[in-house]
Asks: 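Attaching a single structure in structure tokens format; questions to follow.
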Amino acid sequence: QTYVVQRTRPRPFRTVTRGVAGIEIQTIGREAELGKLQAAFQLVCDDRKVVWAQIIGEPGIGKSRLLNDARDALDLRPERFRWLRARAFPGDEKHAFILVRRMWFDRFQIAEDVPLAEAEAHWLEQFAALRGPAQEEAAQALGLLVGLPFNNSPHIGALRHDPAQVKGRAYVVSRELLTTMRRQRPIVMLLEDVHWADPSSWDYLVHLLLEEPRADQYGVLVIATTRPEWNPPSTLLNYPDYLSINLAPLSEPACRTLALALLQRVEYVPDSIVELIVQRSEGVPYFVEEIINWFLDHGIIDSSSEPWKFDAQHFAEIPLPTTLQHLLLTRLSALTEIERVTLQHGSIFGRNLWEGGLAALGLPDSAAALKRLQPRGFVDAQPESSLAGEKEWSFHHALQQEVAYESVLKRMRRELHKTAAIWLENQARQAGRLDEFAGILADHFDRAGEKLAAADWYLRTGVRSHAQGAFLEARSSFERALELVPPSDHPRRWQAWLGRNDAVGQLGDRTAHQQSVEALLELAQYLGPAYLAEAHYRKALLLDRMGDYPAALKEFQTGLLNAQTSQAASLEIRLLGMMAICQGRLGDAESAALTAQQTLSRIHTVPEIDAARALTNLAVYYVEAGDLARAAQLHLDQIVIYQRLDDRGGRANTLLNLGYDYLCLGLYEEARLAVEQSLDLLEKFGAQHEMAYARLNLGLIDWRSDQFESARQRLRAVQEDLTALGDRFAQAAGRCYLALALEEVPE
């Protein structure tokens, strides 16, 4: 009943051995589920579909075993395909794009602590091997999303300062990369423990995979494992090729077969013992494994010679634990002190641990203990390490790590987490990759009770998540920092509230946005005029968005006075531009014109990026004032600045606005050219909202140019995009434009 797999190609990822003296067994009791996965792969090969197979089950029920069996079965098939693999861990929900990062780092074979320059060079090399030559910008754009900064790049300098561009461009690059890979052969993606996956990685996977494949692409089989408490996104549940595989406990016959397979090296085991294993394990395969490991630990099974012997008398002297958790704890307690402490200290790092980390925790000779623990089903040696130069191990099962961790005294955990954090920080610092470790360090210092150190790392994590366009994770990090920082620490609390304000503003949570603004105003009273200027500006923006222009104008004016006092020139320019819009909307044309002129006279005193943003506000004022020619000129000035800055996202949005200026001026050909140029750039960033507006404007240009049939077709098509985006204002405008086109070309 045993077998050895002769693989047609090497596995490009870490292996997991069986938990009883290295015995590998055939699939038992999961034949139907394995058949479903085989059939799904056939759809991928024959119909070129993207099939998402979700394996759902309680801990210990055999999710990873089924995934490994499916992997082995697919490995033996004649079809050539590529693997992608990643695993989520507890706490990942706080780390933006961490699952995506692991997937591509595993594919490109990049260690977490290899020196940054080496990691970036290897990333570019591996990306080119998949995508082809002359793809440096695309490689760096995706690398930026997963934590490789490419600080000296001439390609993504402006990109890194706009979260929407960072995320949008990386998504487009990812789709192009996957398309290239799928044109060559099918892909099998293995995702383990997705119930712990971060929201941003889920968003990435949904956008990357859950779209209908084109005819020229091979399919993708996603095999993912999760626990029952997981709430899958509605997009996945509604996906037509979503396959849910719910693992129930093994039947009694299957459980009996599994027990006999694992006991095959034992000369004779009484039937009553086999039945006890079946009844006690309640159909949980991992429980069956651990009962037999428990027999080996206690000498009930003597493995000193072949065949093994079962000692029934010794079994009668020791009560068998009644639950899996109790059995795991009993096995842990029965170890020698060095073996037990090795597992306990290793659990501080999580599912994976390193010999160097254990040495830092006071176990310089852990290697020998780990080698003894491996054949007993506690740990598995990993053929490759995520930390360069370190020997990596993993707990054989997540429940083992959890039990080991809970057995560590709470007062000891804090000191161990602190030491682990210091060791990991040193690893990251030597590699020049502290930002990539920020979330992990925040968690360790938090568990260590080092509140200020943890808060600083959470702040750093929040800033990084926001820069990646991962606003949910950013909000979570800033809010945890606020819980840790004392009320008297005004600078840290300001940074946390400011970050939270930006995150909840992007998420559209108005209540949280208002709360953040009020907190900033309160803190600014202690911090001085520059902070007051920023706080009043933030409140004014919120009021402006709500349509309360009189209140917004007062806040802009108060902010302006404080900006002038603190000589914050860039903020002063932003305030002036918004004031002109507000004054114009309130009907104070004279004051608005003076404010606009004052802004223009000061705009050369600030950095170009701030000048470009101020020109956006001024152009809005001039459009609303009816001076479209002036607005168009300002947009042209903006485009020149964005070209110098190599900011393609800024240039795309400005071209879209310029196209609308020309449209209103009756310059239809100029309008069409500007909007089409904008659309070409927007497609490179996957900016769906702006792209929909561009198509809407092209429909209006068609109508104004008497191209009524084209207008009707374009405006009908864009309605679907606007509906999906939920933009009711644009939907209404689009229906109005469509009605005008239909009036000219009746159906």
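Model, not experiment: these values are computed from the prediction.
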Asks: For S201 and V100, indicate whether the former's side chain and the latter's backbone hold a donor-acceptor pair under 3.5 Å.
Replies: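 Yes.
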Asks: Does a sphere of radius 6.0 Å around CG in N231 hold more than 12 heavy atoms from other residues, nucleotides or ligands, not counting ones at 6.0 Å or beyond?
Replies: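 Atom CG in N231 is not crowded, with 12 or fewer foreign heavy atoms closer than 6.0 Å.
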Asks: Kindly say whether S64 contributes a backbone atom to a donor-acceptor pair with the side chain of N68 at under 3.5 angstrom?
Replies: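 Indeed, once roles are kept as given, a pair shorter than 3.5 Å links the two residues.
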Asks: Is the gap between the ring centers of Y405 and H417 under 6.0 Å?
Replies: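 Centroid separation for Y405 and H417: below 6.0 Å.
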Asks: Within the side chain of Q468, is there an N or O that forms a donor-acceptor pair under 3.5 Å with the backbone of F97?
Replies: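 Judged by distance alone, no pair lies under 3.5 Å.
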Asks: Could you walk me through whether R65 and E289 pass the salt bridge (Lys or Arg N to Asp or Glu O under 4.0 Å) check?
Replies: CA-CA 12 Å; R65 184 189 302 274; E289 277 190 10; 2.5 Å; yes
Asks: Counting only heavy atoms not in E522 (residues, nucleotides, ligands), do more than 12 fall under 6.0 Å from its CD?
Replies: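 Not buried by this count: 12 neighbours or fewer within 6.0 Å.
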Asks: Give the minimum heavy-atom separation between R464 and G147, together with the two atoms involved.
Replies: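 In terms of heavy atoms, the two residues are closest at NH2-CA, 3.0 Å.
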Asks: Among K63, R87, R102, which residue meets the salt bridge (Lys or Arg N to Asp or Glu O under 4.0 Å) test with D193?
Replies: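 Considering K63, R87, R102, a salt bridge (Lys or Arg N to Asp or Glu O under 4.0 Å) with D193 is found only for R87.
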Asks: Should R101 and E112 be marked as a salt bridge (Lys or Arg N to Asp or Glu O under 4.0 Å) after you check the CA-CA gap, both sets of side-chain angles, and the distance that decides it?
Replies: CA-CA 10 Å; R101 172 191 172 90; E112 290 289 348; 2.6 Å; yes
Asks: Just by distance, do the side chain of R160 and the backbone of F150 share a donor-acceptor pair under 3.5 Å?
Replies: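 The answer is yes, because a donor-acceptor pair under 3.5 Å joins these two groups.
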Asks: Could you measure the distance from the CZ atom of R331 to the NE2 atom of H298? Nearest 0.5 Å is fine.
Replies: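 So the CZ of R331 and the NE2 of H298 are separated by 9.5 Å.
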Asks: Could you walk me through whether R447 and D443 pass salt bridge (Lys or Arg N to Asp or Glu O under 4.0 Å), step by step?
Replies: CA-CA 6 Å; R447 290 170 182 260; D443 184 64; 3.1 Å; yes
Asks: Counting heavy atoms not belonging to E229, are there more than 12 under 6.0 Å from its CD?
Replies: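 Yes, enclosed.
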